[in-house]
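What follows is a short report on a single structure.
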2 protein chains.
Amino acid sequence: MATILDVAKLAGVSTATVSRVINSPEAVRLKTREKVTNAMRVCNYKYNALARGFATRRSNTIGLIIPTINNQVFAESTRGVQDYADLHETQVLLGNTYYRHGREERLVNTFRERQVDGLIITTTDLRGAVLKTLVDEEVPFVLLYSTLKGGEMTAVGIDNYQGGYQATEHLVKLGHKRIAMVAGNFSVSDRSFHRWHGYRQCLNNNNIPYDRRFLIQTEYSLIGGRHSVTTLLSLPKPPTAIFCSNDYLAIGTIKGARELGYKLPDDLSVVGFDDIRIASYMVPELTTIRQPSYEMGKLGAELLLQRIEKKVKPIQLMLESSLVVRKSTAIPPGEALPADC
Amino acid sequence: MATILDVAKLAGVSTATVSRVINSPEAVRLKTREKVTNAMRVCNYKYNALARGFATRRSNTIGLIIPTINNQVFAESTRGVQDYADLHETQVLLGNTYYRHGREERLVNTFRERQVDGLIITTTDLRGAVLKTLVDEEVPFVLLYSTLKGGEMTAVGIDNYQGGYQATEHLVKLGHKRIAMVAGNFSVSDRSFHRWHGYRQCLNNNNIPYDRRFLIQTEYSLIGGRHSVTTLLSLPKPPTAIFCSNDYLAIGTIKGARELGYKLPDDLSVVGFDDIRIASYMVPELTTIRQPSYEMGKLGAELLLQRIEKKVKPIQLMLESSLVVRKSTAIPPGEALPADC
DNA sequence: TTGTATGCGTTATCAC
DNA sequence: GTGATAACGCATACAA
């Protein structure tokens with residue numbers, strides 16, 4: 001495989017000149033440039049970006065760590081990151097934590113060994129040692145889907161508390177009093193925890209007593225939702241509405257309820273979170289909290305590159321989220337008409 | 001940042017020895033090893049995998065090129081690739097072509113500059129120059145979701161022809177005679193083209209005349225399906241069944257038909273392709289052709305690593321696909337009961 | 001505008 | 001078992 005040395009010899013110039021035509025062509029005389037360009041073609045020269053990174057101590061690579069690419073939401077933000085990186089000659093290394101702290105730590109270390117210029121992390125372990133180390137050792141990184149509102153870490157996210165509050169408030173306004181929540185495990189999802197806070201505060205503000213049997217923590221999956229709803233609906237006084245902390249849980253919940261003979265939304269209202277693309281294609285169309293995943297990824301990548309260039313101080317950005325009312329929510333059963341009519 | 005030279009000095013050994021404790025600890029005396037290990041801790045040494053790659057001319061990185069991470073199917077195979085790579089100390093660089101030939105070419109070049117050890121590609125341009133060049137220049141690569149049954153390229157896929165045939169046959173057996181197909185554009189999806197072949201051959205074998213107005217090529221998306229069905233159902237003699245070349249098209253088709261007042265599956269049968277996770281959560285639950293995406297990714301990664309090690313010759317693997325009958329297909333309208341009863 | 005010389009952090013090939 | 005040292009391919013300060 002030809003190197004710049006080969007090209008240099010062939011063109012009768014120095015390697016420095018070859019390097020210049022690659023990196024700052026305008027700094028070399030047209031004639032010389034052409035000689036070099038020709039030589040490159042002749043020996044089928046292929047640029048070695050690894051060697052460059054080695055020499056400049058800059059890899060033009062970032063590491064992206066997410067729970068799982070399998071979740072549409074993270075696929076969207078990943079796309080945002082990729083698209084932005086792509087425009088800035090930056091490549092992205094991708095890793096899934098599968099919501100495991102140990103894997104998150106391992107990925108961070110592996111990526112650092114790979115000399116990534118920075119990291120974008122949707123963390124599963126906000127209070128853990130991993131992020132602290134990153135701060136201490138001044139590794140540029142930004143948190144995605146963050147719940148942070150201050151501090152020394154750069155982060156972009158939405159107000160999960162508010163999202164949880166809005167979702168719950170929507171149900172309260174419809175007249176629901178028995179509102180359950182199917183949440184992602186708090187131990188691995190700070191976001192879920194914040195959403196629950198919003199949920200609980202909303203109940204509180206509306207004088208609805210909090211029933212702890214109405215909270216189920218489970219894994220973020222279709223199955224998780226399907227199982228959880230079975231538990232909830234077999235309670236002596238089952239809920240008439242369920243707030244799920246993501247759309248997959250909501251879709252699973254809807255399916256599970258239907259399997260139990262419930263008609264939706266008449267017998268049970270369900271609200272999701274995220275507004276994945278398919279949400280509006282479900283039956284009933286899913287009422288949910290929309291968060292701008294793609295934009296979040298894009299913005300996260302932008303912030304990271306700026307951090308790498310040391311152009312900005314740590315900052316926490318909160319993007320807008322909003323309630324999207326569709327067809328999976330309605331007034332409680334027996335509200336408009338008596339149940340026995 | 002400390003290097004092995006620092007460690008060597010601190011431990012009073014040579015860099016070669018430090019390198020040895022990293023790569024083949026058993027080759028160095030326990031006592032020396034401990035000295036080195038200690039020195040590493042003292043100066044907070046961090047291994048530089050990039051420098052290693054530079055020296056060994058092996059990056060332990062592979063490039064994964066897919067149409068879009070946004071499609072659940074590719075997310076699954078991506079996971080398969082990642083999981084396998086992860087077990088073999090290999091990182092994966094991810095890129096989306098968005099079904100654009102130019103982007104595919106650019107990604108291949110960029111990844112090669114990055115010195116990836118090999119590539120895994122779900123190509124959008126099977127007959128193009130890009131793959132040919134890869135073969136000529138002996139770059140290890142494997143095709144995913146491939147339609148190949150021979151030749152010099154390593155590939156793993158399913159029998160798309162057979163998938164298309166099975167899907168259509170299912171509809172024929174239910175009694176449908178007017179069967180349309182909503183397909184991904186043939187120009188960017190060889191897979192779609194093969195599925196169409198299966199579809200057409202099945203019609204042929206069952207003496208059902210082929211009507212070219214019953215074929216719509218569109219982009220692989222929910223919207224694509226939704227729009228296509230509108231066109232099909234406004235035909236003078238509209239189809240009673242539609243075979244869609246992926247699940248998103250099918251889900252879009254179902255939604256579009258419902259918006260036109262059709263009851264599914266009574267008024268219209270729909271078959272998808274892929275069996276993405278959410279398929280069984282749709283209403284009606286989607287009848288579709290299942291393909292083992294995760295396994296395909298895993299197998300592709302395995303084959304690629306073997307190709308890199310030069311342990312195997314080019315081979316084309318076909319995984320099993322199968323028809324999954326659920327609720328989105330039924331006998332044609334007016335078949336059991338007269339339409340006007 | 002172009003060339004010379006050196007460094008980047010590791011591995012690998014010899015010696016010892 | 002261990003050490004000395006030459007690659008690896010490119011960028012860059014400094015000279016010319």
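Values below: every heavy atom of this structure, side chains too, minus hydrogens, waters and symmetry copies. Letters A, B, ... mirror the listed sequences (proteins, then strands); counts begin at 1.
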- Message: Tell me whether the rings of A/Tyr99 and A/Tyr220 are parallel (<30°), tilted (30 to 60°) or perpendicular (>60°).
- Response: tilted
Could you run down the sub-3.5 Å N/O contacts of the protein with nucleotides 7-11 of chain C?
residue	atom	partner	partner atom	Å
C/dT10	OP1	B/Tyr45	OH	2.5
C/dT10	OP1	B/Asn48	N	3.1
C/dT10	OP2	B/Ile4	N	2.6
C/dT11	OP1	B/Asn23	OD1	3.4
C/dT11	OP1	B/Asn23	ND2	2.8
C/dT11	OP1	B/Tyr47	OH	2.8
C/dT11	OP2	B/Ser19	OG	2.5
C/dT11	OP2	B/Asn23	ND2	3.2

- Take atom CD of B/Gln115 and atom P of D/dC8, then tell me their distance rounded to the nearest Å. 14 Å
- Query: OP1 or OP2 of D/dG3 less than 4.0 angstrom from a side-chain nitrogen or oxygen of B/Thr17, does that happen here?
  - Reply: yes
- Query: Once the angle between the rings of A/Tyr47 and A/Tyr45 is folded into 0 to 90°, is it parallel (under 30°), tilted (30 to 60°) or perpendicular (over 60°)?
  - Reply: perpendicular
- Rounded to whole angstroms, how far apart are CG on B/Leu50 and P on D/dA11? 14 Å
- Item | Inter- and intrachain pairs under salt bridge (charged side-chain N to carboxylate O under 4.0 Å, His left out), touching residues 295-313 of chain B, at least two apart | B/Arg58-B/Glu309
- Between atom CZ in A/Arg58 and atom P in D/dT12, what is the gap in whole Å? 12 Å
- Task: Please round to the nearest 0.5 Å and tell me the distance separating atom CG of B/Asn38 and atom CZ of B/Arg33.
- Result: 13.0 Å
- Query: What is the distance, rounded to the nearest whole Å, between atom NZ of A/Lys9 and atom C1' of C/dT4?
  - Reply: 15 Å
- Item | Any donor-acceptor pair under 3.5 Å from A/Tyr145 side chain to A/Val73 backbone | yes
- Quick one: list whatever passes side-chain hydrogen bond (donor to acceptor under 3.5 Å, both in side chains) with B/Thr124, sequence neighbours left out. none
